[in-house]
Amino acid sequence: MKYIKIFMLTVAAVLMASCSDDDQPINSNSTTVGFASEKITVKENAGYINVPIEIAGVRNGDIKLTVAAEPVGSNPAVEDTHYLITGKTLTLLNDTTKTATLNVQIKTVDDAEINDPREFKLKITSVEGGQLQRSEVNIVLRDNDAAFYEKFFGKWKLTGKNYKGNAVSYDVTISGASDEDDPDYDNRLYVTIGKIISGLDASTYLYYTFDKNTRTGTLSFDMMNTTDPLAFYEGYNTKWCWVNFNLVDDLLNDPIDAEWKVEEDGGISTTINFDTHGGSLAYYEYFSGNDDYTGLWGYFTDLVLKK
């Protein structure tokens with residue numbers, strides 16, 4: 001009899017829990033439900049990501065919603081191939097806070113293919129206990145295999161010859177934009193060359209390109225591709241700047257550029273030779289007030305960047 005009583009109490013507890021779960025009231029207060037943003041961009045190797053749904057308003061019951069996905073654009077992302085959604089039915093249990101967030105968890109699938117960004121749309125298809133606001137969000141999966149821009153970040157060596165013909169070597173640090181919406185991303189790298197002029201660090205840019213079809217790209221010291229001199233030191237009335245100089249007292253418009261490629265192992269070239277087009281990477285002094293050049297102070301040829 002003792003065991004029967006225990007069994008009956010256990011069954012009753014289970015039934016009460018089941019009824020409690022099934023009979024939770026749905027929110028009837030004025031509450032809004034919607035995605036936090038219209039568009040999200042992530043790398044395909046991001047792994048698990050959360051796509052937030054914002055819920056606003058004091059609630060007196062649960063909110064339940066379902067989501068679905070669909071491909072978008074000329075290079076669509078396909079569910080269960082390029083990404084997976086771990087759960088499409090979400091519930092926010094009753095509470096009295098004014099704001100809350102439900103997350104749709106997505107797992108991106110990393111592959112070895114170099115491709116254009118893939119895109120899909122996540123939609124809220126039904127809501128119980130809330131008024132739907134922003135019902136959709138576009139999600140862009142950027143190909144990390146094509147993001148070779150970031151592979152240049154880090155420590156390098158710049159070697160060459162100075163104006164005396166002597167071999168020189170300098171420590172180089174390359175960085176870049178981390179936000180993929182930044183116009184510099186996939187376009188311009190930031191470069192610091194250590195103690196290159198009289199113990200001073202030099203700042204400059206390298207302009208970056210990549211062709212996924214040929215798996216090759218370029219890096220350029222492009223003096224004509226910026227509105228500001230690439231200065232690394234300011235005196236009282238003068239400023240140093242980089243120029244391309246042909247050693248016959250003429251400034252050149254040609255960029256000092258180099259080609260690089262994607263290697264068979266998926267890495268990038270670790271030795272990059274710059275073509276100065278008969279010129280050199282030179283440093284000039286000019287008056288900051290009227291931009292008049294005052295003279296050549298030194299130059300470098302045979303430039304090679306090594307990882």
Side-chain angles (χ1 to χ4, degrees), residues 43 45 112-117 142-163 165 167-178 180 182-194 196 202-230 232 241-248 250-283 298-307:
K43 290 186 175 67
N45 65 340
E113 179 185 351
I114 296 177
N115 56 264
D116 290 330
R142 285 189 67 98
D143 179 26
N144 61 296
D145 298 299
F148 297 104
Y149 172 84
E150 297 179 20
K151 294 183 185 294
F152 283 96
F153 294 6
K155 303 295 185 182
W156 295 73
K157 283 280 188 182
L158 182 67
T159 62
K161 294 180 180 179
N162 64 13
Y163 64 97
V168 291
S169 177
Y170 302 101
D171 292 327
V172 170
T173 301
I174 297 180
S175 60
S178 56
E180 295 185 4
D182 190 315
D184 277 351
Y185 190 88
D186 269 355
N187 176 48
R188 190 165 72 166
L189 293 160
Y190 317 146
V191 181
T192 299
I193 308 172
I196 190 171
S203 299
T204 188
Y205 303 116
L206 279 173
Y207 288 86
Y208 165 95
T209 69
F210 174 63
D211 185 334
K212 63 180 176 56
N213 295 318
T214 63
R215 297 170 66 88
T216 62
T218 62
L219 295 179
S220 300
F221 293 101
D222 191 347
M223 315 311 171
M224 304 305 293
N225 203 13
T226 178
T227 56
D228 298 319
L230 304 178
F232 56 85
C241 71
W242 292 112
V243 294
N244 189 2
F245 180 72
N246 72 354
L247 311 185
V248 192
D250 285 327
L251 300 181
L252 302 178
N253 291 335
D254 292 331
I256 297 172
D257 54 18
E259 292 186 357
W260 61 274
K261 67 178 181 178
V262 179
E263 305 292 350
E264 292 184 2
D265 63 358
I268 58 173
S269 304
T270 55
T271 299
I272 301 172
N273 295 279
F274 286 88
D275 183 358
T276 56
H277 305 283
S280 61
L281 180 63
Y283 51 103
Y299 57 84
F300 301 92
T301 59
D302 302 328
L303 296 173
V304 179
L305 194 61
K306 294 182 178 182
K307 187 71 170 175

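None of the values given here were measured: they were computed from a predicted structure. Heavy-atom basis, side chains included; hydrogens, waters and symmetry copies ignored.
Annotation for K261: atom NZ does not count as buried by contact number, only 12 or fewer foreign heavy atoms lying within 6.0 Å. At most 12 non-hydrogen atoms from other residues, nucleotides or ligands lie less than 6.0 angstrom from OH of Y163.
Across all their heavy atoms, G266 and K151 have their closest contact at O-CE, 4.0 Å. Minimum interatomic distance between D184 and D182 (heavy atoms only, all atoms of both residues): N-OD1, 2.8 Å. Minimum heavy-atom separation, I272 to E259: CG2-O, 3.9 Å. Considering every non-hydrogen atom in both K157 and V172, the closest pair reads C-CG2, 4.5 Å. Here the closest heavy-atom approach between residue T159 and residue S169 is recorded as CG2-OG, 3.8 Å. The two residues L252 and G279 have their closest heavy-atom pair at CD1-CA, 3.8 Å.
Within the 3.5 Å criterion, the main-chain N or O of G165 finds a donor-acceptor partner in the side chain of N162.
Taken to the nearest 0.5 Å, the OH atom of Y208 stands 4.0 Å off from the CH2 atom of W260. S280 contributes atom OG, which lies 8.0 Å from atom CG of N246 (distance to the nearest 0.5 angstrom). With values rounded to the nearest 0.5 angstrom, E113 atom CD is found 7.5 Å from D143 atom CG. Separating the CG atom in L305 from the CZ atom in F152 is a distance of 8.0 Å, to the nearest 0.5 Å. Between atom OG1 of residue T301 and atom CG of residue L303 there is a gap of 7.0 Å, rounded to the nearest 0.5 Å. Distance NE2/H277 to CG/D257: 3.5 Å, rounded to 0.5 Å.
Screening F210, Y190, Y185 against Y149 for a ring-ring contact (aromatic ring centres under 6.0 Å, His included) leaves a single residue, Y185.
Counting heavy atoms from C-beta outward, L189 and Y205 have side chains that stay 4.5 Å or more apart. No side-chain heavy atom of L281 sits less than 4.5 Å from a side-chain heavy atom of T276. You'll find the side chain of F274 stays beyond 4.5 Å of the side chain of F300, heavy atoms only. Side-chain contact check for D116 versus K212: some heavy-atom pair is nearer than 4.5 Å. In this structure, the side chains of F221 and N244 stay at 4.5 Å or more apart for every pair of heavy atoms.
For the 3.5 Å distance criterion, the side chains of K155 and T173 qualify, holding a donor opposite an acceptor.
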